[in-house]
Amino acid sequence: MKINWNFIKFGALLLVVTGLYAFSSARNKHKKIDKIEIEFVGDQNLYMTQETVNKLLIQNSGDLRNLPKEDIVLNTIEKAIEANEMVKKAQVYLTVNGDLVAKVIQRKPIGRVEGVAKFYIDEDGKRMPFSKYHSARVPIITGIVTNKSTEGVYEILTYINSDEFLRKNIIGVHITEEQKYQLKFRMENFVVDLGHVDELEKKFSNFKAFYTKANKDKTLNDYNRVSLEFNNQVVCTKI
């Protein structure tokens, strides 16, 4: 009977590789966390600090340094970070070098409510608390602030942020009634009566056409009020 030495060599090599892999895997599991890296993704305006995130980790999981990698539950750590009111999303993973990396996406404010209650409205339309580390430069919201009226404000701000001209020039939204709104511009002295939030695209299109012409004619300062409430019209009140 002829012995197939190639087959035997291949089997032996397979056993060695399997053994090495098992040894390496077991060793890797018991390898301890060397350091923790916290990275803020996207907007560089920090509403929280790396120290804040570190404290969250310690409060919820203790000191993660020098813990074996097999004792780390990444999903639990992510939820602990996301529990902070400034955080939108967190992703946590381990590197081959034994480092724990936490990537943090902060919530993004698009409006600042100034009233009895003070808070931001974020890009998802939710209330967001002020931060002691950074104040966002966003339009100021005043007037009759209710859950219903802030829904309208969110719709207005979302549209404003999609338009470069409006985003650069509108600095405030005033709620005159439950669902009626005024806009304040950065440079001009007039206010814009927007009315309800219906047909925003048509209203702002009409306003930009008026603004372009009045700016060209140098008559913007002649008005103290511009109304977009009426169907497909821009009604101006002179000083």
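No hydrogens, no waters, no symmetry mates; every other heavy atom, side chains included, goes into these values.
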May I ask you to test the Leu220-Phe190 pair for a side-chain heavy-atom distance under 4.5 Å?
yes
Mind checking the CD1-OG1 spacing from Ile156 to Thr150? Nearest 0.5 Å is all I need.
11.0 Å
Same apolar cluster (I L V M F W Y, side chains within < 4.5 Å links), Leu57/Val101
no
Membership question, hydrophobic clusters at under 4.5 Å side-chain separation (ILVMFWY): are Val191 and Phe204 in the same one?
no
Could you check, using the six-membered ring where one of them is a Trp, whether Tyr47 and Tyr133 have ring centers closer than 6.0 angstrom?
no
CD1 of Ile77 to CG of Leu100, rounded to nearest 0.5 Å, is 5.0 Å
To the nearest 0.5 angstrom, please state how far the CD1 atom of Ile144 sits from the NZ atom of Lys148.
15.0 Å
Check residues 81-92 and write down every donor-acceptor pair under 3.5 Å in which the side-chain atom is one partner and the other belongs to a residue at least two apart or another chain.
{"residue": "Glu82", "atom": "OE2", "partner": "Ala90", "partner atom": "N", "Å": "3.0"}
{"residue": "Asn84", "atom": "OD1", "partner": "Met86", "partner atom": "N", "Å": "2.8"}
{"residue": "Lys88", "atom": "NZ", "partner": "Glu123", "partner atom": "OE2", "Å": "3.2"}

Enumerate the residue pairs fulfilling side chain to side chain donor-acceptor pair (under 3.5 Å) with a member in residues 154-166, sequence neighbours excluded, ordered by first and then second residue.
Asp163-Lys208, Glu164-Lys168
Within a strict 4.5 Å, meaning less than it, do heavy atoms of the Leu228 and Lys202 side chains meet?
no
I need the minimum non-hydrogen distance between Asp99 and Lys35, along with the two atoms involved.
OD1-CG, 3.2 Å
Can you measure from CG (Asp122) to CZ (Arg107) and round to the nearest 0.5 angstrom?
4.5 Å
Heavy-atom pair with the smallest gap, counting every atom of Ala136 and Pro109:
CB-CG, 3.6 Å
The residue among Ile175, Thr142, Thr176 that forms side-chain contact (heavy atoms from CB on, under 4.5 Å) with Gln182 is Thr176
If you round to the nearest 0.5 Å, how far is NE2 of His174 from NZ of Lys184?
11.5 Å
Side chains of Leu46 and Gln106: closer than 4.5 Å at any heavy-atom pair?
yes
Scanning both residues in full, the closest heavy-atom pair of Gly111 with Leu157 reads CA-CD1, 3.7 Å
Ion pair Lys180/Asp193, N-O distance below 4.0 Å:
no
Which class fits the ring pair Phe185 and Phe207: parallel under 30°, tilted 30 to 60°, perpendicular over 60°?
tilted
Nearest atoms (heavy-atom pairs only) where Gln50 meets Ile38
NE2-O, 3.0 Å
With a cut-off of 6.0 Å (strictly less than), are more than 12 heavy atoms of other residues, nucleotides or ligands near CZ of Arg137?
no
Please round to the nearest 0.5 Å and tell me the distance separating atom CD of Glu37 and atom NZ of Lys103.
10.0 Å
Does the Asn169 side chain pair with the main chain of Phe165, one donor and one acceptor, at a distance under 3.5 Å?
yes
Is there a path of hydrophobic side-chain contacts, each under 4.5 Å between heavy atoms of I, L, V, M, F, W or Y residues, that connects Ile171 with Leu194?
no
Donor-acceptor contact present, side-chain Tyr181 to main-chain Ser149, <3.5 Å
yes
Under the rule for side-chain hydrogen bond (donor to acceptor under 3.5 Å, both in side chains), what residues qualify as partners of Thr49, not counting sequence neighbours?
Thr52
Among the clusters formed by ILVMFWY side chains lying less than 4.5 Å apart, do Ile36 and Ile105 turn up in the same one?
no
If you take all heavy atoms of His134 and Tyr120, which pair is closest and at what distance?
O-OH, 4.1 Å
Heavy-atom pair of closest approach, residues Gln233 and Asn206:
N-ND2, 4.1 Å
